[in-house]
Each structure stands twice: as C-alpha cells, then as structure tokens.
Amino acid sequence: MTRIMKHDAPTPSLLHLDASVSPAGESVSRQLTALFADSWRERYGDIPCGYRYRDLAAAPVPLVTAAYARFGYWVERHGTVAADQVAALVRDAEDERVWRTTLPLVEEVLAADVLLLGVPMYNLTVPAALMAWIDRISFPGALLDPGTGDSLLRDKHVVVVGARGGGYGPGAPRAGLDFQVPYLRGYFTDRGVPAQQLHFVTAELTRAGDVPRMAPLRPQAARSLAAAREAVTELAARLAAPAGARGAAREAASKPRTADDSREQPVTKTA
C-alpha cells in the first residue's frame, strides 16, 4: 500500500515505512510511526508537503534473486552509475524486470529528506520485509554520487522507531542479543548517514501487557511507551522544519539527548 502527497519545495519530504505484520491496533511500531506522521502533517496544516507511505508487510518488496545479483555485478563493472542511467545498461528482459522493481524504491529514498522506519524486533533482529527493502535500495552505486563517490544519503535524517517485546537495553540480561538497533545503525552509517542525523526511538517490553510472566514489568513498559511517544512527537516537530530552518535542526540534533539519542540508548532502562 502506498500513499503520495505532492512535495512542495520549501518543505521537507517524508518517506514513511512500516514493517510490522500486525495491524495498527496491535502494533506499537505502527502506532508510533503514525504519531510521527500525524505530528508532521499537523505542523503544516493544509500546506502540501512531500509524503509517501509504503507498507512493507502488506505489499512486500520482492526478495532479491540471482537475476538481481547478475545485473548488479554487470552495472558495477561500469563504475558508479547514477540511478537514472542504469536503464541504459539493461541487456535483456530479466535485467529489465530487476530494474523496474528496484528503481522506484531507490527513487523514493533519494527524493526524501527524512526516512521514517517502523521496525519491530522479530527473532532478535529486523523483519524480513524490511530486509528485502534494504537489499533492493542497496543496488550497487544507487545511493552514491557518480561524480564524487559521496553518499547521496549524507544530508538525510533517518528515524528508526523500534518496538521489542522484551528488554534489550543497557543493563538488561538480554542486552547482548539486540541485533535490531546495532544492525540498522551499522547499515545507515555505512551508507553515509551522519551519526547526528540518525535517530532511534525504542519502546521496550511491549508484550508485558499480555504475557503473564512479564506482568511485574508492566509499569516499566508503560514508562517506556510514554517516553517513546514523547520522543517521536519531539522529533517530528524538529525534523519537519522548512528547508531554511534545517541548519537549526541539525544543530539541535548534535546536542546531547536522552529519549532519542543517536547513540545506542533505549528510551527507558529496563530490567
């Protein structure tokens, strides 16, 4: 499922992705990204701003195949090729199908000023639906400036809204089993997103309300969710600043924070 709003140049553009298989009424990550998106639109009122929504669970991105790898290797042999020039290297129907599926995803990323990702933790890491999207947008050279080799993500902000059924923050018994936040931090950092423009908001212990053995942790779960909601609302207001105010937003982002710290820090400490 996708929704598009016209992008008015003076306002930033938001790409909103959800990866939870659960419906909005049951998914904490969906509820939190919706809060961000609603706050973003509320800031602008009736002023049109760039907004695109993609539900990676409801409309999965096709997994990469041998054909994707074959075409990627072929393009890479030609150096760093701009995304809008890759079609010229298509050799056959198989290459064409690969690029027809991949290009729209890359274009969405390149057109956005802010990427908002709703990411539940599944089996200690990110959902397969999100991984499929990451594999597609990572097409060789697609996120690089062919002239300089610089990352085309260097001026973007990435907001990762995570939800985990248990506690994986610093000091928690399972802290070493978090392959969700560290993976996404590593991926986007490696792709050129500056640390001060990479934001993580994490709601922990989300299963405390329905798993009997986690009942004693319900107060901590409630505090974690409340802190996540507050952090998401603050981030939406700050990152929705018009182009002329982005410098101030970047300066604010570089200051020490707690709830949405770009370092590995959940919104609340958990046991």
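We're numbering straight along the sequence, starting at 1.
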Q: Return the minimal non-hydrogen interatomic distance between Pro216 and Pro212, and the atom names on each side.
A: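 Shortest heavy-atom contact: CD-O, 4.4 Å.
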Q: Do Val98 and Ile134 belong to the same hydrophobic cluster, where Ile, Leu, Val, Met, Phe, Trp and Tyr are linked whenever their side-chain heavy atoms lie under 4.5 Å apart, directly or via other members?
A: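 No, Val98 and Ile134 fall in different hydrophobic clusters.
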Q: How many angstroms lie between atom CZ of Arg223 and atom CG of Leu217, to the nearest 0.5 angstrom?
A: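 It comes to 10.0 Å.
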Q: Keeping Glu204 on the side-chain end and Gly165 on the backbone end, is there a donor-acceptor pair under 3.5 Å?
A: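 Not at all, since once roles are kept as given, no pair shorter than 3.5 Å links the two residues.
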Q: Take Val160 and Arg185, measure what side-chain contact (heavy atoms from CB on, under 4.5 Å) needs, and give me the verdict at the end.
A: CA-CA 9 Å; Val160 176; Arg185 176 177 290 107; over 6 Å; no
Q: Nearest 0.5 Å, what's the CG-CG distance between Leu17 and Leu117?
A: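 Reported to 0.5 Å precision, the distance equals 5.0 Å.
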Q: Rounded to the nearest 0.5 Å, what separation is found between the NE2 atom of His199 and the CZ atom of Phe36?
A: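 Atom-to-atom, His199:NE2 and Phe36:CZ are 8.5 Å apart.
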Q: With side-chain contact (heavy atoms from CB on, under 4.5 Å) as the criterion, how do Met131 and Leu63 come out once you've worked through the C-alpha distance, each side chain's angles and the decisive distance to 0.1 Å?
A: CA-CA 9 Å; Met131 194 69 242; Leu63 297 176; over 6 Å; no
Q: Can Leu225 and Thr206 be said to form a side-chain contact (heavy atoms from CB on, under 4.5 Å), step by step?
A: CA-CA 8 Å; Leu225 180 57; Thr206 61; over 6 Å; no
Q: Please report the C-alpha distance between Arg136 and Thr102 in whole Å, then the side-chain angles of each, then the deciding distance to 0.1 Å, and finally whether the side-chain hydrogen bond (donor to acceptor under 3.5 Å, both in side chains) criterion is met.
A: CA-CA 6 Å; Arg136 285 282 172 180; Thr102 304; 2.9 Å; yes
Q: Out of curiosity, Arg164 CZ to Leu177 CG, how far, rounded to the nearest 0.5 Å?
A: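 Arg164 CZ to Leu177 CG: 11.0 Å, rounded to 0.5 Å.
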Q: Honestly curious: do Leu89 and Val64 fall in one hydrophobic cluster under the side-chain, below-4.5 Å linking rule?
A: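 In one cluster with Leu89: Val64, yes.
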Q: Could you check whether the rings of Trp99 and Phe139 sit parallel, tilted or perpendicular, using 30° and 60° as the cut-offs?
A: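 The arrangement is tilted - the two ring planes meet at 30° to 60°.
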Q: If two hydrophobic side chains count as joined below 4.5 Å and joins carry through other members, does Leu110 share a cluster with Phe188?
A: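 Yes: a chain of side-chain contacts under 4.5 Å links Leu110 to Phe188.
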Q: Would you compute the distance between atom CG of Leu130 and atom CG of Asp135 and round it to the nearest 0.5 angstrom?
A: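 That separation rounds to 9.5 Å.
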Q: Can you find a heavy atom in the side chain of Val109 that is under 4.5 Å from one in the side chain of Leu115?
A: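 In short, these two side chains touch, coming nearer than 4.5 Å.
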Q: For Asp145 versus Leu152, what's the shortest heavy-atom pair and its separation?
A: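 The pair with the smallest heavy-atom distance is N-CG, 3.7 Å.
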Q: Under 3.5 Å, side chain of Asp178 to main-chain N/O of Val181, donor-acceptor pair present?
A: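 Yes, because the side chain of Asp178 sits within donor-acceptor range (under 3.5 Å) of the backbone of Val181.
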Q: Decide yes or no for Leu14 and Tyr53: does some side-chain heavy atom of the first lie under 4.5 Å from some side-chain heavy atom of the second?
A: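 No, their side chains stay 4.5 Å or more apart.
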Q: Which pair of heavy atoms, one from Pro140 and one from Gly72, lies closest together, and at what distance?
A: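 Taking Pro140 first and Gly72 second, the nearest heavy atoms are CG-O, 3.7 Å.
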Q: Would you sort out whether Gln197 and Val158 count as a side-chain contact (heavy atoms from CB on, under 4.5 Å), showing the intermediate values?
A: CA-CA 6 Å; Gln197 292 165 210; Val158 177; over 6 Å; no
Q: Measure the acute angle between the ring planes of His78 and Trp74, then classify it against the limits of 30° and 60° as parallel, tilted or perpendicular.
A: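 His78 and Trp74: perpendicular rings.
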Q: For the CD atom of Glu108 and the NE2 atom of His16, what is their distance to the nearest 0.5 Å?
A: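 Between atom CD of Glu108 and atom NE2 of His16 there are 12.5 Å.
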Q: Can you pull the salt bridge (charged side-chain N to carboxylate O under 4.0 Å, His left out) pairs that have at least one residue in residues 17-31, sequence neighbours excluded?
A: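 Salt bridge (charged side-chain N to carboxylate O under 4.0 Å, His left out) check on residues 17-31 returns Asp18-Arg30, Arg30-Asp55.
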Q: Start with the C-alpha distance between Tyr68 and Thr101, add both sets of side-chain angles, then the distance that settles side-chain hydrogen bond (donor to acceptor under 3.5 Å, both in side chains), and finish with yes or no.
A: CA-CA 10 Å; Tyr68 175 97; Thr101 304; over 6 Å; no
Q: Testing the basics here: between Val161 and Thr33, what is the closest heavy-atom pair and its distance to 0.1 Å?
A: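 In terms of heavy atoms, the two residues are closest at CB-CG2, 3.9 Å.
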Q: Taking the side chain as every heavy atom from C-beta outward, state whether Glu234 and Ser39 have any pair of such atoms under 4.5 Å apart.
A: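 They are not in side-chain contact.
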Q: Charged N to carboxylate O below 4.0 Å: is that the case for Asp92 and Arg70?
A: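 Salt bridge between Asp92 and Arg70, a charged N being under 4.0 Å from a carboxylate O: yes.
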Q: Looking only at atom types and distance, does a side-chain atom of Thr125 sit under 3.5 Å from a main-chain N or O of Phe179, one as donor and one as acceptor?
A: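 Between the backbone of Phe179 and the side chain of Thr125 there is a qualifying donor-acceptor contact (under 3.5 Å).
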Q: Looking at Gly166 and Met214, what are the two nearest heavy atoms and their distance?
A: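 Looking at all heavy atoms of both residues, the shortest contact is CA-CE, 4.3 Å.
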Q: State yes or no: do Leu198 and Leu15 share one hydrophobic cluster built from I, L, V, M, F, W and Y residues joined by side-chain heavy-atom distances below 4.5 Å, directly or via other members?
A: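 Yes, because Leu198 and Leu15 connect within a single hydrophobic cluster, where side-chain heavy atoms sit under 4.5 Å apart.
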Q: Would Arg91 and Glu96 pass as an ion pair if we require N to O under 4.0 Å?
A: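 Salt bridge flag = no for Glu96 with Arg91.
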Q: Report yes or no: do Leu153 and Leu105 belong to one cluster of Ile/Leu/Val/Met/Phe/Trp/Tyr joined by side chain heavy-atom distances under 4.5 Å?
A: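 Yes, Leu153 and Leu105 fall within the same hydrophobic cluster.
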Q: For Val21, which fellow cluster members are found when Ile, Leu, Val, Met, Phe, Trp and Tyr are connected by side-chain heavy-atom distances below 4.5 angstrom, either directly or through intermediates?
A: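 Listed partners: Tyr122.
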Q: Backbone N or O of Val193 within a donor-acceptor pair of the Arg154 side chain at under 3.5 Å?
A: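 Pair absent, no side-chain N/O of Arg154 close to backbone of Val193.
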Q: side-chain hydrogen bond (donor to acceptor under 3.5 Å, both in side chains) between Ser27 and Ser20: does it pass, once the steps are laid out?
A: CA-CA 7 Å; Ser27 168; Ser20 174; 3.2 Å; yes
Q: Does a side-chain heavy-atom distance below 4.5 Å link Leu205 with Ser224?
A: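 Sidechains of Ser224 and Leu205: no contact.
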Q: So, the side chain of Lys156 versus the backbone of Ala112: is there a donor-acceptor pair under 3.5 Å, distance only?
A: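 Side chain of Lys156 to backbone of Ala112: a pair is present.
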Q: We want to know whether Thr202 and Tyr168 form a side-chain donor-acceptor pair, criterion being a heavy-atom distance below 3.5 angstrom.
A: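 Judged by distance alone, the side chains do not pair up.
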Q: What are the two closest heavy atoms between Pro12 and Asp113, and how far apart are they?
A: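 Shortest heavy-atom separation between Pro12 and Asp113 comes out as CA-OD2, 3.1 Å.
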Q: Decide yes or no for Val86 and Leu103: does some side-chain heavy atom of the first lie under 4.5 Å from some side-chain heavy atom of the second?
A: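 Side chain of Val86 against side chain of Leu103, heavy atoms only: no contact under 4.5 Å found.
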Q: Checking Trp133 now: which residues fulfil ring-ring contact (aromatic ring centres under 6.0 Å, His included) with it, not counting sequence neighbours?
A: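 ring-ring contact (aromatic ring centres under 6.0 Å, His included) check on Trp133 returns nothing, list empty.
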